[in-house]
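Right, one structure below, let's go through it.
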Amino acid sequence: MRTDEPHAIHLKDYRAPDFRVPEVALDFFLDPQATRVAARMRMVRTGAAGAPLVLNGEALKLVSVAIDGHPLKPDQYTLEPELLTIPDVPDKFILDVVTEIAPADNTLLSGLYTAKGLFCTQCEAEGFRRITYFFDRPDVLAVYTTRIEADKKLYPVLLSNGNLMEKGDLANGKHFAVWNDPFPKPSYLFALVAGDLGVLEDSIVTMSGRTVDLKIFVEHGNEPRATYAMDSLKRAMKWDEEAYGREYDLDIFMIVAVSAFNFGAMENKGLNIFNDRVLLASPETATDDDYARIEGVVAHEYFHNWSGDRITCRDWFQLSLKEGFTVFRDQGFSADMRSKAVKRIEDVRALRLRQFQEDAGPLAHPVQPQSYITIDNFYTSTIYEKGAEVIGMLKTLVGDEAYRKATDLYFSRHDGQAATVEDWVKCFEDATGRDLAQFRLWYRQAGTPTITASGHYDAAKKTYALTLAQALKPTPGQPEKLPMHIPVRLGMVGKSGRALPLTLEGDNAPGPEERVLELTAPQQTFVFTGVEEEPLVSMGRRFSAPAEFRIEQSAADRTHLMAHDPDSFNRWEAGQTAARTAILAMMKGAAPDPLYVAAIGPVLERALDDMAFAANMLSLPLESEIAMAMDVVDPDAIHAARVALIRAVAAAHRGAFDALYGKLSDTAAFSPDAASAGKRALRNAALRFLTAADDGAAADLAARHYRTATNMTDMVAGLAALARMTSPEADKAFAHFHDRFAKNALVLDKWFGLQATSPRADTVERVKALMKDSHYDLKNPNRVRALIGAFSGNQLRFHAADGSGYTLVGDVIRQLDGVNAMVAARMAGAFETWRRFDPARQALMRAELEATLKTPGLSSNMFEVVSKMLA
Ligand code: B3K
Ligand code: ZN
């Protein structure tokens, strides 16, 4: 057990820094084992006279420190493991610090590290302090000049933020480059890359007519696999000009792809660094989902240039200010590039899967947390995805035009600043004149509100009274909750299938067919008049709030909405609710709901009208989504019932699935566009049902699908079907895939992942065997996530009743903690739902968590998540 319990940092303790640092000059002498960093910083006191200079530093060897050119003697400063304190400093001075670091030993992948012969940095949130001593906090903004010196043969490419000022050759086979970034930025946006890389080049002319060079650096030979990212970047740059009036500001924008990275990508000013998983794509190696993710992440990081870089966060409690907003921006971009309805469905699905789960468990926290031990643990779905939902609600409440006015105001008012969530909301109040006091609760209160609707139709008066009630359960540290300000978008559908006008009592003209009600009290009744027939309420259209919408509806009502709701999102939602209800009933012994099974008929008949949407209509709620609806989760029963419902649908519509599959089986050349991807998604959805029996015939079809595939999407669909089966066909296909892609790490990750997510009874054993595969590597986060991360998302097998899944993951996270604590702590999230299972499983999971907490030398990252889960 840790004795030095790490202490928490609280928002209420925020204090402005005592010094400004207008300029920083960094001089890097690169060497994998001993890199020397000479930092020169101009310091100006802004706080209390006489306050000491206290700088962050971690895993550094201090070589020398000097003030205004005078080296300090050891008694003039104190050095602690994570701080350098100089008690006596003037009000204005130049500080020179020389440190030495060992990038090759940096398995945490935070600060400066090497991977496959490449130097690269990751400084968000607190990695810069692993490079030199500094005010490693987001409210200290400096102009950086970076000089890099390195061996020319090994590291021909030398990059940092901003514009290239100078480069040249030096003696001993060395060379150098000098970069200057004129935009003041916090240290977390600093970046450096050095290595032998290929480059894909392009350029774009911005809205004011400036030409910007675009460069994507990749391993030699991978240049063609960066063309989709380049294309996405150009579209994103244009979109941000049109949708938000944001123009790019430097003369060059660069992206570098690296193979060892703790998460997706990083928005360093002018030099984004990407996990190659979200950058490289070709039809032979990437699925349609990969393409969509690349488009989204390239846009996300680019959009940060304004929402994050030009305007950054005052402190890490404001993280959602940049992350929630930037997610909202990238979601809008992807929706415009693809289908709005399908994008919304995917986003809501992801939100429910991760964020609702987080909100319902021991790690629940508000969009603006009040305290943390390790900020790395707070790059969560709540900060990102719920943060984006909060912005979506603001837009819904104020309308599109006022939204743009507010964001324009935000960008002009706070450009160059480190801002707060409060600054952001204030811009909405100032731009629209609305009072958002109650709305601010969305930032402060954790938990997913429930909105329960009940209606009363008065046939004689032709009125419909709709009562909406909101409730929010306690979450850790927040026993009492206040009522929220919730936009509820809705429509009413008649039994005939027509949309009914929504005229509220007191309106002087017939109302529209859709409107947004503002729920602000614990309970409110809205009376609609002129309602010609008893309506079915279509509530929470397009998911107008990150809430759980509840309304008493029969299976017949749901299947009616599934077919007739004019809002396609809610047609999908009705289908999901119907399927979930059916599966829950089947777990109690009911037969598959014949109404739901029949309702798939019309979906198939209309499938070709919007294929991507139809594919979503055909995809049943995931096992973990069904678990969310249970008080005590029974993973085996959920799996069995879900499979039984799929089989019932498959049996009832065999002919239609066959016909659809055949019709979509042409061999047009691959194109990653949304329409082509939708077609593949629909065909692969049909394959899921056509192979539902998991028997010999199913294996033959899946194997044929795999063998005849001309792109990775179809190969993976075939392989995913085979992964469910124990058959020679499956073994053959997996062996073939392995041999064909053994040299391609990203594709091999799929091979690991598909086996880890299999429902087969021997999955735990197979995962253990795969951990001994020569390609498995605890030091590579992508590989660990592909195998262990995927396995812990396999509800059926991770939660195996004998506890074998828990031990497997428990052992890995404890071992990984010593290698890469950030990734390990994130992976420990697998145990987050432990209290929602039966007592036997709870005890097994608890034992893993307790064993973890007792591990000697446990990181504070892991300590924080595990102790909170056990609290
Ligand atoms: N801002 C980074 C995330 C950094 C995570 C640090 N633990 C990527 C992004 O959200 O765009
Ligand atoms: Zn981001």
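Both ligands and their constituent atoms are indexed starting at 1 by order of listing. Just so it is clear, the values below take in all heavy atoms, side chains as well, and ignore hydrogens, waters and symmetry mates.
Considering backbone and side-chain atoms together, Y379 places no N or O closer than 3.5 Å to any N or O of ligand 1. At a 3.5 angstrom cut-off on N or O pairs, Q122 does not count as close to ligand 1.
Contact annotation: M822 has no heavy atom less than 4.0 Å from any atom of ligand 1.
Remark: ligand 1 atoms within the under-4.0 Å shell around heavy atoms of M266 are 1 (N), 2 (C). Set against the non-hydrogen atoms of K322, the atoms of ligand 1 under 4.0 Å away are 1 (N). Close approach of ligand 1 to H304 is summarised as follows: ligand atoms under 4.0 Å from at least one heavy atom of the residue are 9 (C), 10 (O), 11 (O).
Annotation: atom 10 (O) of ligand 1 to nearest protein heavy atom, Y384 OH, 2.5 Å. Nearest protein heavy-atom contact of atom 1 (N) of ligand 1 is E124 OE1, 2.5 Å.
Ring planes of F378 and Y372: tilted class, angle from 30 to 60°. Aromatic ring pairs are classed by plane angle as parallel below 30°, tilted from 30° to 60° and perpendicular above 60°; the pair H300 and H304 is perpendicular.
Taking the six-membered ring wherever Trp is involved, the centroid distance between the rings of Y228 and Y291 falls below 6.0 Å. A distance below 6.0 Å separates the ring centres of W316 and Y188. Remark: aromatic rings of Y244 and W306 are distant, center separation not under 6.0 Å. The aromatic ring centroids of W239 and F303 lie less than 6.0 Å from each other.
Angle NE2(H300) to the Zn ion (ligand 2) to NE2(H304): 100° [nearest 10 degrees].
The Zn ion (ligand 2) sits nearest to atom OE1 when only the N, O or S atoms of E323 are considered.
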* To do: Given side-chain hydrogen bond (donor to acceptor under 3.5 Å, both in side chains), test D139 with Y14 step by step and report yes or no.
  => CA-CA 11 Å; D139 57 353; Y14 172 81; 2.5 Å; yes

